[in-house]
Amino acid sequence: MMLSRPKPGESEVDLLRFQSQFLEAGAAPAVQLVKGSRRHGDAPPDRLPPQDHRDVVMLDNLPDLPPALLPAPAKRARPSPGHPLPHDEDPEERLNRHDQHITAVLSKIVERDTSSVTVTLPVPSGVAFPPVFHRSQERQVKPAASGKRSIFAQEIAARRVSGNRVTSAEQVVPSLDTPEGAVPCETPSFRDRSNQLPGRSHGFHRPNLVTGKGLRSKVAEQEVQTIHEENVARLQAMDPEEILKEQQQLLAQLDPSLVAFLRSHSQVQEQTGTKATKKQSPKRPSVLVTKEEPVTSTRTREPRTGDKLEEKPEATVEDKMEDKLQPRTPALKLPMTPSKDWLHMDTVELDKLHWTQDLPPLRRQQTQERMQARFSLQGELLAPDVDLPTHLGLHHHGEEAERAGYSLQELFHLTRSQVSQQRALALQVLSQIVGRAQAGEFGDRLVGSVLRLLLDAGFLFLLRFSLDDRVDSVIAAAVRALRTLLVAPGDEELLDRTFSWYHGASVFPLMPSQDDKEDEDEDEELETEKVKRKTPEEGSRPPPDLARHDVIKGLLATNLLPRLRYVLEVTCPGPSVILDILAVLIRLARHSLESAMRVLECPRLMETIVQEFLPTSWSPIGVGPTPSLYKVPCASAMKLLRVLASAGRNIAARLLSGFDVRSRLCRFIAEAPHDLALPPEEAEILTTEAFRLWAVAASYGQGGDLYRELYPVLLRALQTLPTELSAHPLQPLAMQRVAALFTLLTQLTLAASSIPPEPASGPAESCVPAIPSSVTWTQVSGLKPLVEPCLKQTLKFLPRPDVWNALGPVPSACLLFLGAYYQAWSRQSHLCPEDWLQDMERLLDESLLPLLSQPPLGSLWDSLRDCSPLCNPLSCASNPEALPSLVSLGCAGGCPPLSVAGSASPFPFLTALLSLINTLVQSHKGLCGQLSAVLTAPGLQNYFLQCVAPAPAPQLTPFSAWALHHEYHLQYLVLSFAHKAATLQPEPAASTALHHAVALVLLSRLLPGSEYLAQELLLSCVFRLEFLPESASGGPEAADFSDGLSLGSSGDPQCRRGALLVQACRDLPSIRSCYLAHCSPARASLLSSQALYCGELLRVSSLLLPVPKEPLLATDWPFQPLIHLYHRASDTPSGPPAADTVGVAMRVLQWVLVLESWRPEVLWAVPPAARLARLMCVYLVDSELFRETPIQRLVAALLARLCRPQVLPNLKLDCPLPGLTSFPDLYASFLDHFEAVSFGDHLFGALVLLPLQRRFSVTLRLALFGEHVGVLRALGLPLTQLPVPLECYTEPAEDSLPLLQLYFRALVTGTLRARWCPILYTVAVAHVNSFIFCQDPKSSDEVKTARRSMLQRTWLLTDEGLRQHLLHYKLPNSSLPEGFELYSQLPRLRQQCLQTLPTEGLQNGGVKT
């Protein structure tokens, strides 16, 4: 950032403004001011103040008034914390020592002794002046390590090095003249002179430590040399072992700090000598030595050949070490040969030409190490070993220059470029990467999620910042990337294709189901109130925090909508940018009611879209690319209005009245698509969206006035449909338009029969009052004769799968219209019922019965299993790139043909057919017999059997919630028809039990929005005696017979399971009332769902369903009333019990017994441990509840079902249980309650004993024997009434030493006795006997000590009976009074164990057998 210099006339305010601009830019200053301070001169480096601190003047910090001119207080000198002043030192002497004045320097002049200094004469030269330095001269000087030194600086450094080299050479050999007979010899390096191995001659030419300092100059050098020669002679006379020994003794005597100093001094000298040697020319400078003074090698004299062989590896090692320390730059191979004739190319600077050389060879990855992902400009993931040419533009990066492609980090860096083309290119590449990631192209080739990584790196806000760019191309790239990120491919296509399905316009909002700010009672609140409540809270949260949980909310918090409006209104972008913006707005509107309201209320946004992209008049547009979409009708704009209207009744009314949408609908529907002067495809989509928008408005009972105006147009369109349906091939867009027309007519027909609702007393949506629809029955009564021929024509194509699949939703839409027509007709009280009854019979004879007899319909039933999400859970698996903060349906590659939304899916047609059948049977019950063949279809039976088979619950994802919502519609309609048929048939059908099981399973799977369906199931199928055929076909008798075979006969006939089942069947109405009171949905949600499913359009508030967080009812819903009682008792422990506590508990236990006996597959999702915990809650609800005889009988029967051999292995108390935080905590409360109120109840005791089995956690047994020992006094359950085998408690042997000690203490102290607690007495005796006579050699010392002590104390017991039991225990036997068998004589091993006891112990008691 360039800042101009201050100009004359600018004030201090301008200077401060320049300063703030410079600081905001974050640029480095050109000059750095270093403030020196004498105070910090002696401070250590880590305590010095930072040098980059800037003295910034801020106007806000300046005082309003100038400071007062008062004398400052006198400063007192304080010593530095690190340098305290000495007390015994003379201050004058200290000042003189630290005096730095020029007078002090001049007064202390000491003459230098130059008697021993060598005088060097200048080298004679033949020229008068030094040579001139030319840049063209090629220097063989190693460049600086930093690589940033100029040529001049390198030349100066080279001269200094050469000067130092000449000086050092002259110091070694003062004479410059070569003596006669001298031979050249290389000067040995410092490393060769210093690093010598023991055993070789030590050639120290001069001493390193002794310098002669302090001696007189004349004798100093001679004395030093004498000492050095004596040391060398002594070293040469010693062996290497002696040298090492003396060296170790010397190092042991010296101070370690002194040794470290000497070694560091030696290393510094070595490094200095090495550098001085290496900086010479490739040929080492020779030093002339005379023959009289031959060069004696410091090594032991060996043959010359041996010297060469030894020096070569040393030189090689030295060169390698030098290469490692200072790697040499490889010679560059330039693509051209430089010439001196080129301008400024007389000297080639190789450091600046690295980029011109070829790329390094591509490294082949030979290991499994992870590598950085790189992408092409099309967003493709490039393999690590792919070799692509450089002209593709994929090698313009620094890291891994040989690899093609760009990493995400490099693309992020490129988006901040100053070049707009580079920013646009980076955004385009990132957009394509996101698109390919959502399509699943990367698969398992990448570690982690690309989308999650991008969002964590700030990609969302990078796009938002790019939208604020001034360059149109960057804005266009940012908008496209935003669309790619938000709008998942295939989602909108799926929702548009299924709009005409049974309640296809009702969709779940695409918002995260996990919201950290929502309350549990959210269902009771209205949507508008939730918007008002949440807005202030979320407005205070920063956008990154919002985006972490919800991407759409985070984007809306960044003022995205005003920016998009500005782009549309001011910049006037191209068609692609406009379509991308509209797609983004559609995705925002699908998020929630709040987002739709914000899109609607954004200033001038909707006005701009309606005026610019939905004009009523425009110039004709031909086939081909459109240069501009302004003042041209756009189908995406119409779709945006439709999605907004689906969010709520209020929005639909505001669109129709405030934005003149009525005139737009009339304009685009009045003309046929081919007459709209638009491209054919765009005209079809525009007309389809106009029909859908009108249908959405009609879903609220709005837009009825348009029907009167466009009635001739609709009739003309219906009259041309048979011709259009007979054309081949069928056009998919045309079929979508025809289906949308039938959907519109369906909603208008339902509006004609809607009754104005009564005014609600609650805060219902009063923004737009429910006005009675202006459409009457007379106006729609003539539509059926025009639609019925279309149905007959489409049914003819059922045997032809290719044509049938091409029809799409047209047959389904026809059936749905007929169902709505007959429903509205039957509601007309002023008409004769005989007319519509006869018409129903005619439709049955002419259309439905022939359809049911066709074999292709059976193939549709057979394909239900293949297309079912329940039967194929993997078809709804979430995308690996799916993000919880950005919800999408995940239909990237489209739906397979055999799927719930595929082209060959039977669900839309069969659901519409069942809807029509239910409507006919509801009005004309005489048709049940003729239509009951639907219930016996083999394909439907197989599908239901697969649905009720034990299987894990399907994972709830956005797509699975949508798919299951439509699948549950089909199941409910089948069950509704089965209920109507069952009430009219004298004998139950063979499939009645199967339908009952499906109803029970469906009840626990229904999602939010289907509250009305759940209520109807509770009222109809679930608690109907007709759906329990076992009650009339020997089911109770079979239950008694089964119990007699496994458990033995019971004395009291009233306690048998058969009698309890018979009584439960009699009490089914009471059981239904109990569950309706405790399991019914919330009233507000129930009324909203009822209005939607019953066609009460004036009470429909929105087509957006609630967020599918979880199913409406839990999997353990049969225990739900009992859980309510338990929570109520826990909240008010001292309060009186509820009036009908006994009745509710009895009804629940009766219903659970029915399900356990006849519908066990329904309770498969509830683990046996969870059922046991629910039974324990019966005793915790009230202190007197378990004494009721019916409760005791039912609990005993259910406990017997849990203790069956095939169920008992699945009883796992250590696993997490649904609805229960900790089973040990529940068991502790159960023990407290037993100790307080049980009074020795045997059934209560059986529940206490059941979790004490050996395979369960030792924590439960420790809780009883450690904290609730008083329970042992009342736990008198006989051995014969134990519901599980005794071996479950005694095997395997107990290995918990604390528990064994508690067992022994309870036995010895008399707390545990056989007559009080026979079962646990047997268990304790068995485990203590096994422990004291255990011979495990791997036992720890602590265990062995405890075993020996326990054995000795057992031998010394005074209680002869207990002593006999502990020593002579053999096997458990519940048939014996004691509960176990005893040895008549001690086995030999036990006798040997007793003999190991101390002698005095044996003498006191003796060995008794």
Side-chain angles (χ1 to χ4, degrees), residues 492-493 496-497 499-500 575 578-579 582 610 612-642 661-696 703 706-707 709-746 748 783 786-787 789-791 793-794 797 803 805-811 813-814 817:
E492 292 298 326
E493 179 184 356
D496 292 344
R497 194 172 64 249
F499 180 83
S500 298
I578 294 173
L579 294 178
L582 293 177
V610 173
E612 298 294 340
F613 309 115
L614 290 176
T616 56
S617 61
W618 63 91
S619 301
I621 305 297
V623 180
T626 305
S628 176
L629 285 183
Y630 284 87
K631 300 301 179 182
V632 176
C634 180
S636 297
M638 185 67 72
K639 180 180 179 180
L640 174 62
L641 299 182
R642 187 250 298 179
V661 176
R662 283 186 172 86
S663 61
R664 265 76 180 176
L665 290 177
C666 293
R667 175 66 180 85
F668 300 131
I669 293 177
E671 289 186 294
H674 56 272
D675 297 332
L676 284 178
L678 292 172
E681 183 176 351
E682 184 70 16
E684 287 283 359
I685 301 176
L686 181 62
T687 305
T688 303
E689 290 299 334
F691 281 138
R692 289 173 179 169
L693 175 58
W694 191 3
V696 170
L706 290 175
Y707 182 71
E709 299 177 15
L710 298 177
Y711 183 75
V713 177
L714 297 178
L715 290 183
R716 184 175 67 249
L718 288 175
Q719 292 172 356
T720 59
L721 285 183
T723 304
E724 195 168 356
L725 292 174
S726 61
H728 294 286
L730 298 174
Q731 300 298 326
L733 293 179
M735 295 300 100
Q736 291 292 331
R737 174 176 51 82
V738 173
L741 174 59
F742 287 143
T743 304
L744 169 63
L745 298 179
T746 301
L748 291 173
L783 296 177
L786 297 176
V787 177
C790 299
L791 174 63
Q793 185 171 357
T794 56
F797 298 122
V803 182
N805 295 336
L807 286 172
V810 173
C814 291
F817 169 78

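As a basis for the values below, the full set of heavy atoms in this structure was taken, side chains included, without hydrogen atoms, waters or symmetry mates. Please read all numbers here as calculations on a predicted model, not as lab measurements.
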From [X] [atom1] over to [Y] [atom2], what is the distance, rounded to the nearest 0.5 angstrom?
X: Met735; Y: Thr688; atom1: CE; atom2: OG1; answer: 10.0 Å
X: Gln736; Y: Phe499; atom1: CD; atom2: CZ; answer: 10.5 Å
X: Leu721; Y: Gln719; atom1: CG; atom2: CD; answer: 9.5 Å
X: Lys631; Y: Thr616; atom1: NZ; atom2: OG1; answer: 9.0 Å
X: Glu724; Y: Leu718; atom1: CD; atom2: CG; answer: 11.0 Å
X: Leu725; Y: Cys814; atom1: CG; atom2: SG; answer: 7.5 Å

Here's a test for you: under side chain to side chain contact (heavy atoms under 4.5 Å, CB included), which of Thr743, Asp496, Leu744, Leu741 qualifies with Arg692?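 Per the side chain to side chain contact (heavy atoms under 4.5 Å, CB included) rule, the option paired with Arg692 is Asp496, out of Thr743, Asp496, Leu744, Leu741.
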
If every non-hydrogen atom of [X] is compared with every non-hydrogen atom of [Y], which pair is closest and at what distance?
X: Leu676; Y: Arg667; value: CD2-NH1, 3.9 Å
X: Trp618; Y: Ala677; value: NE1-O, 3.5 Å
X: Leu582; Y: Cys634; value: CD1-SG, 3.8 Å
X: Thr687; Y: Pro673; value: OG1-CG, 3.8 Å
X: Leu706; Y: Cys666; value: CD2-SG, 3.3 Å
X: Gly622; Y: Pro679; value: O-CG, 3.5 Å

Does a donor on one side chain and an acceptor on the other come within less than 3.5 Å for Gln731 and Arg737?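 Per modelled atom types, Gln731 and Arg737 side chains form no pair under 3.5 Å.
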
So Phe613 and Tyr630, would you call those rings parallel, tilted or perpendicular, with 30° and 60° as cut-offs?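 Phe613 and Tyr630: tilted rings.
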
After noting the C-alpha distance and the side-chain angles of Val661 and Leu614, does the key distance pass the side-chain contact (heavy atoms from CB on, under 4.5 Å) rule? CA-CA 9 Å; Val661 176; Leu614 290 176; over 6 Å; no

Are [X] and [Y] side-chain neighbours, meaning at least one heavy-atom pair lies under 4.5 Å?
X: Phe817; Y: Leu791; value: no
X: Leu783; Y: Leu748; value: no
X: Pro633; Y: Ile621; value: no

Between Glu709 and Arg662, does any side-chain N to carboxylate O distance fall below 4.0 Å?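 No salt bridge links Glu709 with Arg662.
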
Strictly distance-based, threshold 3.5 Å: is any side-chain N or O of Gln793 a donor or acceptor partner for the main-chain N or O of Pro722?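 Side chain of Gln793 to backbone of Pro722: a pair is present.
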
Within the side chain of Ser500, is there an N or O that forms a donor-acceptor pair under 3.5 Å with the backbone of Ala739?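 Checked: pair present.
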
Counting neighbours of CD on Glu671 that are heavy atoms of other residues, nucleotides or ligands and sit closer than 6.0 Å, is the number greater than 12?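 Above 12, so yes.
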
